[in-house]
Amino acid sequence: MTADPRKIQLLMALRNGGVRDRRVLEAIEKVPRELFVEDSFLDQAYADQALPIDCGQTISQPFIVGFMTDRLQVSDRHTVLEIGTGSGYQTTILSALCRRVCTIERYRTLARQAAERFKQLHLNNVTQIVADGTRGWPQLAPFERIIVTAAAKEVPKALLDQLAPGGILVIPIEERPGKQDLYRITRTPEGHAREHLLPVRFVPLVEGLAREG
Ligand code: SAH
């Protein structure tokens, strides 16, 4: 058990907020979030809030990472596709819970920084590319689970197509400006079942590769 009181408080907040899966809570306890935040925000590494990272993006709030991972119902037999590597924090949590994580980021800078962290943590089940995640990763499909960590206007069709039968997709959707909601979509024999989870706030899912200076 961790001795850090800030971490204990964070884990309690997650549990009270509905993160029930013990494996998810253990992964959050184990992964050093301080490794994923900018130096100037180190003192807030275990505060339950999103923090700025390079390229104008954010590392998600720990509660949201825990909640999305919980509702994704990941097992150690699953291959998970993640859209929006960002800092690599969500990727690292997933890597502790599933067989393989395939993660896509449109900023080369962020992908490179995340790769360094994966190396430092000796993660050997993460595969990453710099690409437009709205197209998914057809060469590696199908995926038992897909998680999108940026808000889309609508669910990208490629992601629905690349979901395995019985598979689960968790994605924030911005139906109108400023109003985002998290959905869980399950692939059923008849098509797709969609379930509302909660209101959220993510950076936008942007098509195409990022232009970097
Ligand atoms: N999971 C990340 C959250 C990062 S924020 C973490 O734990 O830190 C969302 C990320 O999605 C940003 O880095 C952004 O650049 C990326 N993104 C947005 N649109 C994308 C797209 N079309 N393809 C791949 N990545 C995208």
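We count ligands from 1, going down the list as the structure has it; atoms in each ligand are counted the same way. Basis for what follows: all heavy atoms, side chains included, without hydrogens, waters or symmetry-related copies.
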Enquirer: Below 4.0 Å from any atom of ligand 1, is there a heavy atom belonging to Ala210?
Expert: no
Enquirer: So is Arg6 actually on top of Tyr46's ring, under 6.0 Å and inside 45° of the axis?
Expert: no
Enquirer: Under 3.5 Å, is there a donor-acceptor pair between the Arg99 and Thr79 side chains?
Expert: yes
Enquirer: So, 4.0 Å and heavy atoms of Val65: is ligand 1 close enough to count as a contact?
Expert: no
Enquirer: With heavy-atom distances below 4.0 Å as the criterion, list the atoms of ligand 1 near Tyr107.
Expert: 15 (O)
Enquirer: By number and element, which atoms of ligand 1 are closer than 4.0 Å to a non-hydrogen atom of Ser87?
Expert: 6 (C), 7 (O), 8 (O)
Enquirer: Of the listed options (Arg106, Glu105, Arg33), which comes nearest to atom 15 (O) of ligand 1 when hydrogens are ignored and any heavy atom counts?
Expert: Glu105
Enquirer: Please identify which atoms of ligand 1 are closer than 4.0 Å to at least one heavy atom of Gly133.
Expert: 21 (C), 22 (N), 23 (N), 24 (C)
Enquirer: Taking side chain to side chain contact (heavy atoms under 4.5 Å, CB included) as the criterion, tell me which of Asp70, Ile146, Leu182 meets it with Val170.
Expert: Leu182
Enquirer: Would you please name every residue forming a side chain to side chain donor-acceptor pair (under 3.5 Å) with Asp21, sequence neighbours left out?
Expert: none
Enquirer: Would you indicate which of Ala131, Ala150, Ala50, Gly84 comes nearest to atom 2 (C) of ligand 1 when only heavy atoms are counted?
Expert: Gly84
Enquirer: May I ask you to list the atoms of ligand 1 that are less than 4.0 angstrom from any heavy atom of Ser60?
Expert: 3 (C)
Enquirer: Is Pro204 in contact with ligand 1, taking contact as a heavy-atom separation below 4.0 Å?
Expert: yes
Enquirer: Name the closest protein heavy atom to atom 14 (C) of ligand 1, giving the residue it belongs to and the distance to 0.1 Å.
Expert: Gln57 OE1, 3.3 Å
Enquirer: Can you report which non-hydrogen protein atom sits closest to atom 5 (S) of ligand 1, along with the distance?
Expert: Thr58 O, 3.1 Å
Enquirer: In sequence, state the C-alpha distance, the side-chain angles, and the governing distance for Arg112 and Glu116, and then conclude on salt bridge (charged side-chain N to carboxylate O under 4.0 Å, His left out).
Expert: CA-CA 6 Å; Arg112 205 180 291 135; Glu116 277 302 314; over 6 Å; no
Enquirer: If you measure from the Lys or Arg side-chain nitrogens to the Asp or Glu carboxylate oxygens, is any gap between Glu26 and Arg22 under 4.0 Å?
Expert: yes
Enquirer: Do we see a donor-acceptor contact under 3.5 Å between the side chains of Arg184 and Gln73?
Expert: yes
Enquirer: Assess, by modelled atom type and distance only, whether the side chains of Glu82 and Gln90 contain a donor and an acceptor separated by less than 3.5 Å.
Expert: no
Enquirer: Which residue, Leu10, Leu42, Leu51, forms the side chain to side chain contact (heavy atoms under 4.5 Å, CB included) with Arg33?
Expert: Leu51
Enquirer: Go through the side-chain N and O atoms of Arg117 and Thr92 and say whether any donor and acceptor fall under 3.5 Å apart.
Expert: no
Enquirer: Given Ile147, Leu205, Val206, identify the one with the heavy atom nearest to atom 22 (N) of ligand 1.
Expert: Val206
Enquirer: Give the atom numbers and elements of ligand 1 that come within less than 4.0 Å of a heavy atom of Ile59.
Expert: 8 (O)
Enquirer: CZ of Arg201: more than 12 outside heavy atoms within 6.0 angstrom?
Expert: no
Enquirer: Hey, is Thr85 touching ligand 1 through its side chain, its backbone, both or neither, going by heavy atoms under 4.0 Å?
Expert: backbone
Enquirer: Looking only at protein heavy atoms, identify the closest one to atom 9 (C) of ligand 1 and say how far it is in Å.
Expert: Thr149 O, 3.3 Å
Enquirer: Which ligand 1 atoms does Val203 reach within 4.0 Å, using its non-hydrogen atoms?
Expert: 5 (S), 9 (C)
Enquirer: Any donor-acceptor pair under 3.5 Å linking the side-chain atoms of Gln61 with those of Gln49?
Expert: no
Enquirer: Could you tell me, atom by atom, which parts of ligand 1 come under 4.0 Å of a heavy atom of Glu82?
Expert: 1 (N)
Enquirer: Mark up the atoms of ligand 1 that fall under 4.0 Å of a heavy atom belonging to Tyr89, in ascending order.
Expert: 7 (O)
Enquirer: Taking heavy atoms and a distance under 4.0 Å, where does Gln90 meet ligand 1: side chain, backbone, both or neither?
Expert: both
Enquirer: Heavy atom under 4.0 Å from ligand 1: found in Leu110's side chain, backbone, both, or neither?
Expert: side chain
